[in-house]
Each structure stands twice: as C-alpha cells, then as structure tokens.
Amino acid sequence: MPIPFEGSAFLLTKILIKYTILVSIYFFRYPFYMDKETDNFSLAKAYEPQAYEDEIYQAWEASGFFNPDNLPTQGEAFSIAMPPPNATGILHLGHASALAYEDLMIRYKRLQGLQTLWLPGTDHAAIATQTKVEKILASEGTDRHILGRDKFLARVKDYVANSRDIIKNQTKKMGSSCDWSREAYTFSDDLSQAVNTAFVRMYDDGLIYRGLRIVNWCPRCASTLADDEVEYQEQVGKLYYIKYGPFVVATTRPETKLADTGLAVHPDDARYKNYLGQEIEIDLAGHKITVKVFADSQVDPEFGSGAIGVTPAHSAVDYEFAQKNNLKIIKLIDEQGHILASGGKYTGLDVQEARAKFLADLESAGLLVKVEDYPNNLSVCYRCSTAIEPLTSEQWFVAVDKKIAHRGNKTLKELAIEAVKSGDIKILPDRFEKVYYHWMENLHDWCISRQIWWGHRIPVWYTEDHEKIVTLNEAEASKLAQGKKITQDPDTLDTWFSSALWTFSTLGWPNEEAKDFIKFHPTTVMETGYDILFFWVARMILMSEYLVGTKPFATVYLHGMVRDKEGRKLSKSLGNGIDPLDMISQYGTDALRLSLMMGAAPGADLKLYEEKIAGSRNFVNKLWNISRFIFSQTTDIHTVDVEPQTTDKLDQAILAKFNKLNKEVTEHLDKYEFSLAAIKLYQFTWTDFADSYVEIAKKQTLRRAQGDVGKEDILLYILERLLKLWHPFIPFVTEVIWKQFQTNALLMVEHWPKAQGKIDAQAILYFDGLVGVISYLRELKAENKISPSEFPPCKILSEEVNREHLQLIADLARVKLTSEDIDVESAKIWFCEIYINLKKEMSPKEKAELENYIKSLEAKLANENFVSNAPAQVVEENQKKLAAAKNKLNN
RNA sequence: GGGCAUAUAGCUCAGCUGGUUAGAGCGCUACAUUGACAUUGUAGAGGUCAGAGGUUCGAGUCCUCUUAUGCCCACCA
C-alpha cells in the first residue's frame, strides 16, 4: 500500500518526538487524511455535494450511456416519456419530485441491464405560454394585436427558447439521466407533422368535425376551453327572482334572460300544466322575448319558483334542453363579452354593465321580485381565473362517440376504456382506474380549436369559394386547390391535442418503421401527477389506441402533490414555497431526492420541509463516512465478486441481513414501492451496518494480527452492493464513492446485485441477540450512573455466545471482562444467561408493567379457546414469553 | 348531491395477507473528545393506534356506523 505524504508524517514525528511510534502507526493505518488534491484516495471529512455533482453529471453525460443505443448490454427495452415541464421556466418541487421518481425507475432498470430510454422534452404549452407572454407585453404597454401575429409569435419563440434552456439546466441539476440526444419539442417540424397527420386521419375517419356547439369561452384569453380546463370557484353570488310574464324565474345571470327561448317546468307541476307547449311572449322591462314552455323531469319544482328560463346560447344545460325541445338559439354575448344586437337596447355593453342596467330597468318596471344571497360555483378559466362565458360558437371537435370501422366499430371512448379495463394498462394506485372510467364514460365531444395564436395551426385551408381542404401542409393544400387562392383556418389546436401524441410522436411516428418507435413504443411507464390524469393521461390513451392501435404505456404511476408540513399547497402567496435549487445548493441533490422519495406513496400527497431534507443530507453524509472508514481499513480497495465465506456467526449474520435487504429492496422497486425500499435501505445502512456491524468490525479488526485482512472483504462486499442499491435514489454520492473502487466504469452502468444464498435466520437472531445484550449492558451502566469512560468489571458467562464474542460485547458495551467471582445469584440477568456485577433496579412502574404483562399472558394461556384454536406455534411463543417475563421479574 | 382518500408518539411517517409488552426519523432530556461521521454516538422520556359498536381464542390490522380533514366529480337554474 502506498503511504503518501511521508513528508508530513516526518514533520510530525520530528515535532512530537515522544509520539513517534504512535504517529507513524496512525499514518500507516489512516492514509486518508491526506489533502484531496495530492491524493485521489482521500475523501473529505464531510460529503460536499457542490464539489462533485456537476462533474459527475458531466461524466455521465459524456459516457453516452443516457442514450440506450450506447449501453453495453442490449437487453429488453424500458422507456419513459418525460412529461413536459411547465412553460414558465421555473423548476418547482412538483417537477423535481417527478424527475426523482422517473430517474429512480430508469436507473434501476438500467442497472438491471435493460435498454433504458428516458426521453426528455417540452411542449409549447399554448395557453399558458401565450398568457405569460401577454403579461410581459402588457407590462411593456403593448399587446399582441398591436404587434401582429408574426411578431407576437417570434416573441413567444424567444421566450420559450429561453425558459427551455433554464428548465433543461435544472433538470440536469436533479441528476436526471435522460437522453438529451432525443430531446423533443411539440412544436418541432417532426412533431408538428405528427399533429397534422393525426388531425387528417381523424378528419377522414369522421372523428373530427366542425360545428356550432356551446363551448366554454374565456373572454380574457379570447379562446375556447375544453370542459376540463374550466375550474370552479366557490362564491356567494346573488339569485335574482324576476317576474317573467305569468311566471317568476330565478337566475344568477339575469342579463342572459334577454336571450331566453324556452321555459322549463317539472312535468308534474300542477301550477304550470296549462302552459305546457305554449309559446308565450314575455316583456322584460321593454325587451320582448318569446319562450316555449316545456316539461322536463330535471327541473326541481322546489327550487325558486319551479320554473326555469332557458337560454340555449349561453348555458350548457340549456343548450341540451334546446336540442331536445327544438328551441330557438339566440346568441346574446359575443366573444369579447359584449352584448350583441339581439340584446336590443343593451347592445354593445359588456356583460357586467348589461346586468346592472337590466336589473335597474327591471326594478323600475317592478319586475324584480327579490334578490337572495346565493352560494354557487363560478366557472373560471384554469389559466387566468376569468369568469367563463358559455356561448355557442363554430368550432372543431373530436367526436368521442362515433364508431370507428377499422377499430372494431368501437368509439374513441370505448377504446380508451377497454385499454384499462382489459388490464392492458395498469394505473397506480388502482383506485384511480375508477376515477378514469367515470371521467371517460361522461366525456363529451372534445373542443380542440383555440383562438389563441401560439399553437399548431389547424391543417385546414379554405378556398375563395369556401371549399374546405384538410391536408398535411400548405403545399399539398395549394395543389389540391388547383390554383384557387387559399386561406388557412386561423385557429390553433388545443395544446393537449399534441401532448396526447407524446409517447409516439417523440419516437418517430407517423413513420411506423422508425427504429425508436418499434423498439420503445408502447412505453413502459408513464409517471405523472394525478392532477393531469384527465388532461393528459386519458387523452394519450385515447389517441394511441386509435392512431397506433396499441396502448401508449403499460403502467401509469401517479404521484401526489408536494405540500408543506401543514399540508398546504406550496405557493408564493403563502410564502411556504421551497425552491428546489436552493435546497440543492444547501443540501445537495441526493438529499433533496431522498426526501422526495421517503414517505411518498403513489397518489398520496407528500409533506416536505427543510428539516427533512437536512435529515436526508445527514444520511448521505453517513454513507460517505461509512465508506471513508471502510476504505481506511482496507489495504487494497477492491470489488469482491463472490460472497465471502466465513465461519464467524456475526459475519454470516450481516451477509444474511444484506441478502434479505437486497431481496426486499428489489421486490419493493418492482412493485413501485419506492419509499419502502428507501426506508429499508436506510435502516440497514445506518442501524445494522454502520452502528452494529462496522462497530463490531472495528473491534475485531483491532485484535487481529497484522496481515490478516479481517472483515475487509465483507465490508467491501456489502459496501459495493449498497452503493448499487442506493444508486437510483442518491446517484451522485454513490457514484463519487464508487470511484474509489477504481474500476474505470461508472456505477450507473454496473449490475444490480442479486440476493445470494439462503437467508440464515439463526445467524440473524444471534446477531440481534448480541446487539441486544450490548444495549442492555449500556443501559445498566447509564442507570447506575457509570460514566462511559469507566469500564466496570463484568463477568459474562454464556453457553450461547461464542467465546470470542464475549470480549467483543465487553468492548462495545465498555465494560471490563473479569474472571473474579461475582455473586451470581444477585447479578443474574434474564437474557442470554449473562452474569455481570451490575444490578438493575426495576422501577415500581416497570415492575407493575411487567406484572400486568405476565398477568395478561397467563390469562391468555389459561383460556381454553386460545389454547385449542390458536396455532401451536403461537401458543408456544406465548409460553416462552411468559417464562422470559417471569425470569426477568424474579431477578 | 355523489365518490375517493386520510386519521398511529409534539411533528413527518412505517406497521403488507389479524397473533410484536405498537416502530423509525426529526424534536425533546441526560451523558459522551468511544481509532469514519457532532451532518456523530449511547441511553431515556413520550402513544388507551379519531370515537362507538361488531366478527374472532385474539383487532392498529377485518366489518358497520359516527366524527374530523383533504381531494375529485356533478346541469340545481
């Protein structure tokens, strides 16, 4: 073994003449206190993540192994399409946790020799991005209309490019081992081509149509929204009762009454029976409307007056009434939220103004019967929280209930439901499968056209004479137009339309011969938050089943939301936000990742707080120091390929415990139980390995003759494998430590350890028993107020404990073995037949507890039913427990 | 109005198919310069497992009801 830094040793020996021998031994055995720069074996006293993380990430990236094509083994494929991050360019904890889970799965499978592809990318996030850029423009005193479409889009492109770079760097900061060479973007030429192809195919199959329907309209965004893009805010609004010809109707939106064309009552409501089927003219303070009275059992006769004014153009429910009862549809509110000519004297006013004026007019005409406070849900835009105006509009829709001939005459809905019902796709946790069915079953035609500018233009062109051309690109459209002038549809597609193609558009589809598409689709796991089950997951299933004819992924792993310690959402306004980058710079990426992993279960929210991250940092440091110690005890740092054979029961035990751990961790990971895997690894590493076995090894190695490697191979064997088991959780520190093995290979592409041999339960019992005895002796010392520095004489007699382990017990418990006679009777300890010269006084409380325990055991054993019904093994265990407890009490 | 989830030590959570005197980490108390680690070690205090019934020889664990909290869905105008 090289002894570096002899100069220092010499220097010290010179100064400390008296301690020459001591000092030279010190340096001989502990060469790792050397300066980091001059000795690559040395490890700093505490792990400093900042010193290594960037360098390690670069080494990973440079190795090319993020790209599955370069992996040494070309095994079975395992792929994850990374959910695109939000477009604002800020990595928040939700995204950080997703990256941690995905990287965990990828690294685990890569270690298992699978050909892993984690494909990163971003989407253009249409409304979100446009809203963001519009806000920036507003702060500059301009808007998109002043700029014009082209300049505005250029502006958005700049913004997106910038935030994409930021997100990319932050994703790397998290240690994500994704294949950057395949990075995708929904707005790239390839993916846009996929989008147009999807649109055209669906159009040709009659699954996309243009039609006049009631849609959710956000006046702020000046665009339609899909049903699930509408959120509800609880509020206390007003319920207005309006005299309405011979009726009184109650409404929360009085101005819409100007466009009523129907009046609905319950079929059994005697009050209104005579009016059924009649068309009645109603004068609303000078504004005349004609309504058709009809019956519908949905009407609650108890609510308000039991009569509902029906406004088909501006209410989804009313629109359905209109369809069923052939009502006229009068559009009252335009896309800017202004009253149309149908509003008579209110024309041109915005909705709020019209409401105020109309109410005032009603009041002066004596038609406003009463006003009540009324709690209801206001529907608002999920992006900008502006109140939604439902209105009828000519839009593009995806028909979800239309049978598709080449898909077994099934509808999109049916295809998507069957994919999960058949078990082809598994959703975790499985309770979300029910939620999924419920949503799918109630899905209405999906409005996919948006009036915003930032998005995929709808691939439809119109000729001068209003002929519609649906095709892949403008050149094709021109050809088909045969010289006629063409104009492209000004609308863009819902961002989720392109996102729905994500798993396959990123792999080369529509080219079904593409290598990646063949190898990696369907993807293996879709890891994402339960909050976008409908937005995204459901739509990916729908699109893949239809367009590709297969599922998009085999398993959906839905993670929960990250919350603060009180369970509140993390938000700027609450001031409880935790910035992941800040945490990384303080505690390191591994610590953050581990904190996000432990205590997390699929579908369950995770409470995160800084102390927890600090605790994880402590663990990472512990692993570091365990390694440091082991390396310092090792004459030659080497990997040990075969489980070391040993006759020492404690060695056998730690190997057995490790094998058990190895097996359990693998099983947990296979079942997506990441937290349980981490907790077991944590307990083994800290408690069994560091606190118990390493301490034992310390004492035993010390007593061995020079030249005997002692427990070196076992320590190295377990450490090496622990690094591999830990790697998917805490990739950086494990990779750094691994470098000490000097194998020239990255830990990232090593092999996942396989549990070896039988798990020796007897050895484990022996180990735990021995540790228990040590603990007990320490307890006795503490209770007898004996300082840890004192070594009280102690006589240990045992037939169960190996002779050589008696000294070990004494060393670790810090007692002095003695052969002098001790009053055995007064010093007898119940456990393991060990006799020492200390006595533990049982407190009255302890004594009472023990007596109660004995009583309960005696009662149990006296119970005929118990003895005859319980398994013999359980009865026997209880008898043993009773004997032990009695023994303890009597001594 | 439906549906789902959660309820275990001061805090965050384990406890899988019923049999442990109910565990861990943080925090708390006391002690400690133990040949890696004070980002540490050792020992300790702290819980009638939300409440009430039930099934069982036996329930934190299964069933029913109740309470609290959170979330999702829904066209009560």
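Each chain gets a letter, A, B and so on, in the order its sequence line appears, and its residues count up from 1. Note that the structure is a prediction, hence the values are computed from the model and not measured.
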Inset, instruction - Please check the phosphate of B:G41 (OP1 and OP2 only) for any side-chain N or O of A:Lys622 closer than 4.0 Å. - result: yes

Inset, instruction - Using a 4.0 Å heavy-atom cut-off across all strands, classify A:Leu608 as base, sugar-phosphate, or nothing. - result: nothing

Pairwise N/O distances under 3.5 Å, protein to nucleotides 23-33 of chain B:
| from | atom 1 | to | atom 2 | distance (Å) |
| --- | --- | --- | --- | --- |
| B:A24 | O2' | A:Gln683 | NE2 | 3.0 |

Inset, instruction - Using side chain to side chain donor-acceptor pair (under 3.5 Å) as the criterion, list what pairs up with A:Lys880, not counting sequence neighbours. - result: none

Legend entry - base_contact_polar (B:A36 base, A:Lys698 side chain, donor-acceptor, <3.5 Å): yes

Legend entry - Pair A:Glu372, A:Tyr241: side-chain N/O donor-acceptor within cut-off below 3.5 Å: yes

Legend entry - All salt bridge (Lys or Arg N to Asp or Glu O under 4.0 Å) counterparts of A:Lys660, not counting sequence neighbours: A:Glu664

Legend entry - Side-chain N or O of A:Ser868 closer than 4.0 Å to phosphate OP1/OP2 of B:C57: no

Using a cutoff of under 3.5 Å, can you pull out all pairs of nitrogen or oxygen atoms linking the protein to nucleotides 46-50 of chain B, with atom names and distances?
| from | atom 1 | to | atom 2 | distance (Å) |
| --- | --- | --- | --- | --- |
| B:G46 | OP1 | A:Lys845 | NZ | 3.1 |

Legend entry - Partners passing side chain to side chain donor-acceptor pair (under 3.5 Å) against A:Tyr244 (at least two apart in sequence or in another chain): A:Asp260

Inset, instruction - For A:Tyr587, check ring-ring contact (aromatic ring centres under 6.0 Å, His included) against everything at least two apart and list the hits. - result: none

Inset, instruction - Just call it for A:Arg778: base, sugar-phosphate, or nothing, with non-hydrogen atoms closer than 4.0 Å on any strand. - result: sugar-phosphate

Inset, instruction - Grab the CZ-P distance between A:Arg431 and B:G2 for me, whole Å please. - result: 21 Å

Legend entry - Separation of atom CG in A:Asp564 from atom P in B:C11, rounded to whole Å: 14 Å

Legend entry - Listed partners of A:Phe247 passing ring-ring contact (aromatic ring centres under 6.0 Å, His included), at least two apart: A:Tyr272, A:Tyr275

Legend entry - Pairing annotation in dot-bracket form, given for RNA chain B with Watson-Crick or G-U pairs under 3.5 Å and | for cross-strand partners: (((((((..((((.....[...)))).(((((.......))))).....(((((..]....))))))))))))....

Legend entry - Rounded distance (Å) that lies between atom C1' of B:U12 and atom CE of A:Met597: 17 Å

Inset, instruction - Whole angstrom is fine here: how far is it from CZ in A:Phe629 over to P in B:U40? - result: 18 Å

Inset, instruction - State yes or no: are the ring centers of A:Tyr47 and A:Tyr52 separated by less than 6.0 Å? - result: yes

Inset, instruction - Do nucleotides 70-77 of chain B as a string where each nucleotide becomes B, S or -: B if the base has a protein heavy atom under 4.0 Å, S if just the sugar-phosphate does, - if no protein is that close. - result: ---SBBBB

Legend entry - With sequence neighbours excluded, residues passing salt bridge (Lys or Arg N to Asp or Glu O under 4.0 Å) with A:Glu858: A:Lys886

Legend entry - Nucleotide of B:U42, B:C37, B:G15 approaching A:Asp691 most closely (side-chain heavy atoms): B:U42

Inset, instruction - Using ring-ring contact (aromatic ring centres under 6.0 Å, His included) as the criterion, list what pairs up with A:Phe432, not counting sequence neighbours. - result: A:Tyr530

Inset, instruction - Please work out if A:Ser856 contacts a base, only the sugar-phosphate, or nothing of the nucleic acid, heavy-atom cut-off 4.0 Å. - result: nothing

I'd like a table of atom pairs between the protein and nucleotides 19-22 of chain B - only N or O on both sides, under 3.5 Å - with the distance next to each one.
| from | atom 1 | to | atom 2 | distance (Å) |
| --- | --- | --- | --- | --- |
| B:U21 | OP1 | A:Tyr853 | OH | 2.3 |
| B:U21 | OP2 | A:Lys881 | NZ | 3.3 |

